[in-house]
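Below is one structure, written out as structure tokens; the observations come after it.
Start at 1 and go down the list; that is how both ligands and their atoms are numbered. We number each residue from 1, following the sequence as shown.
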Amino acid sequence: MEECVGQGLIRQIGVCNFSTKKLGDLLNQASIAPMMNQIELHPYLQQEDMLRFCRERDVLLTAYSPLGSVDRPKGMKKQDEPSLLENPVIVEIGAKHKISPAQVLIGWALRRDTVVIPKSVNQERLQQNLAAADVVLDDEDMQAIKSLDMKYRYVDGGFFAAPGSGYTVAGIWDE
Ligand SMILES: NC(=O)c1ccc[n+]([C@@H]2O[C@H](COP(=O)([O-])OP(=O)(O)OC[C@H]3O[C@@H](n4cnc5c(N)ncnc54)[C@H](OP(=O)(O)O)[C@@H]3O)[C@@H](O)[C@H]2O)c1
């Protein structure tokens with residue numbers, strides 16, 4: 001990837017689903033540091049250690065599945081996944097600011113200085129999600145959302161660690 005930068009084929013290097021351990025190892029070896037790590041981030045998986053590490057080392061974070069990835073294929077979902085969009089704390093903050101729960105979740109990601117990539121195929125929801133760029137959550141909101149962290153992964157890694165892939169779930173997250 002560094003050679004690709006040198007050849008002008010790409011401008012920046014980004015990585016995905018890197019743990020702080022893998023990112024640290026890479027930063028120690030790389031001559032061109034990755035600009036971005038794309039990982040799952042939302043109020044149920046806040047990853048404060050990763051946030052701190054990336055701030056210190058000047059790596060941006062992209063938050064994937066920020067709304068709870070409701071429409072993943074059945075084979076990738078667990079039974080009884082907790083809903084982010086219906087969480088009472090999120091719903092209440094939305095009512096307070098007169099915005100939707102999805103906009104609260106996007107506003108939360110922005111307030112943490114992360115890039116956030118909600119997915120929608122619906123025009124109205126796309127517009128609503130883009131409009132969330134103007135959402136400003138206050139400290140009280142952020143404090144309330146802080147209490148929702150339960151280190152819960154919607155994307156648990158099983159898909160990446162398919163037989164023959166050479167990966168294991170524990171090895172992916174270094175947990
Ligand atoms: N790098 C990785 O390993 C990785 C892993 C997972 C995901 N991702 C990427 O992350 C992005 C988003 O993640 P995701 O698709 O898993 O989940 P997500 O964005 O958390 O959730 C998408 C779901 O939320 C719904 N939705 C969107 N906007 C909404 C709104 N305003 N109100 C209510 N519901 C809304 C969508 O329905 P409609 O479409 O019907 O609106 C869809 O069912 C995607 O681009 C995906 O490719 C990357």
Taking only heavy atoms of [X], which atoms of ligand 1 are found under 4.0 Å from at least one of them?
X    : result
F160 : 3 (O)
N17  : 2 (C), 3 (O)
S69  : 14 (P), 16 (O), 17 (O), 18 (P), 20 (O), 21 (O)
L85  : 33 (C), 34 (N)
P118 : 19 (O)
A102 : 30 (C), 31 (N), 32 (N)

Quiz item: side-chain contact (heavy atoms from CB on, under 4.5 Å) with M76: which of K74, R72, K78?
Solution: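 So the option named by the test is R72.
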Quiz item: So, for Y154 and H42, is the gap between ring centers shorter than 6.0 Å?
Solution: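 Yes, they do, as the ring centres are separated by less than 6.0 Å.
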Checking a contact table here: which protein heavy atom is nearest [atom], and how many Å away?
atom                    : answer
atom 12 (C) of ligand 1 : I117 O, 3.0 Å
atom 35 (C) of ligand 1 : R125 CD, 3.6 Å
atom 13 (O) of ligand 1 : S65 N, 3.2 Å
atom 48 (C) of ligand 1 : Q38 OE1, 3.3 Å
atom 5 (C) of ligand 1  : Y64 CE1, 3.1 Å
atom 20 (O) of ligand 1 : L67 N, 2.7 Å
atom 28 (N) of ligand 1 : N129 ND2, 3.0 Å

Verify the neighbour count for atom [atom1] of [X]: are there more than 12 heavy atoms of other residues, nucleotides or ligands below 6.0 Å?
X   : atom1 : answer
E48 : CD    : yes
D58 : CG    : no
E92 : CD    : no

Roughly how far, to the nearest 0.5 Å, is [atom2] of [Y] from [atom1] of [X]?
X    : Y   : atom1 : atom2 : value
I90  : I99 : CD1   : CD1   : 9.5 Å
L51  : L41 : CG    : CG    : 7.0 Å
F160 : N17 : CZ    : CG    : 4.5 Å

Exercise. For ligand 1, note which part of S100 has a heavy atom under 4.0 Å away: side chain, backbone, both or neither.
Key: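 Contact part for S100 vs ligand 1: neither.
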Quiz item: Where on K119 is there a heavy atom closer than 4.0 Å to ligand 1, on the side chain, on the backbone, on both, or on neither?
Solution: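 The answer is both.
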Exercise. Run the salt-bridge test on K77 and D71 with the 4.0 Å N-O cut-off and return the result as yes or no.
Key: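 A salt bridge is absent here (no side-chain N lies under 4.0 Å from a carboxylate O).
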Quiz item: If only atom types and distance count, is the side chain of E40 paired as donor or acceptor with the main-chain N or O of V155 below 3.5 Å?
Solution: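 Yes; judged by distance alone, with no hydrogens or angles, the pair exists.
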Exercise. Determine, step by step, whether K146 and D139 satisfy the salt bridge (charged side-chain N to carboxylate O under 4.0 Å, His left out) criterion, reporting the C-alpha distance in whole Å, the side-chain angles of both residues, the deciding distance to 0.1 Å, and the verdict.
Key: CA-CA 10 Å; K146 207 180 181 84; D139 292 345; over 6 Å; no
Exercise. Please state whether C16 comes within less than 4.0 angstrom of ligand 1, counting heavy atoms only.
Key: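 Per 4.0 Å heavy-atom rule, C16 contacts ligand 1.
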Quiz item: Would a search of protein heavy atoms around atom 42 (C) of ligand 1 find one under 4.0 Å away?
Solution: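 Yes, at least one protein heavy atom sits under 4.0 Å from atom 42 (C) of ligand 1.
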Quiz item: Do any nitrogen or oxygen atoms of V155 lie less than 3.5 angstrom from nitrogen or oxygen atoms of ligand 1?
Solution: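 There is no such contact.
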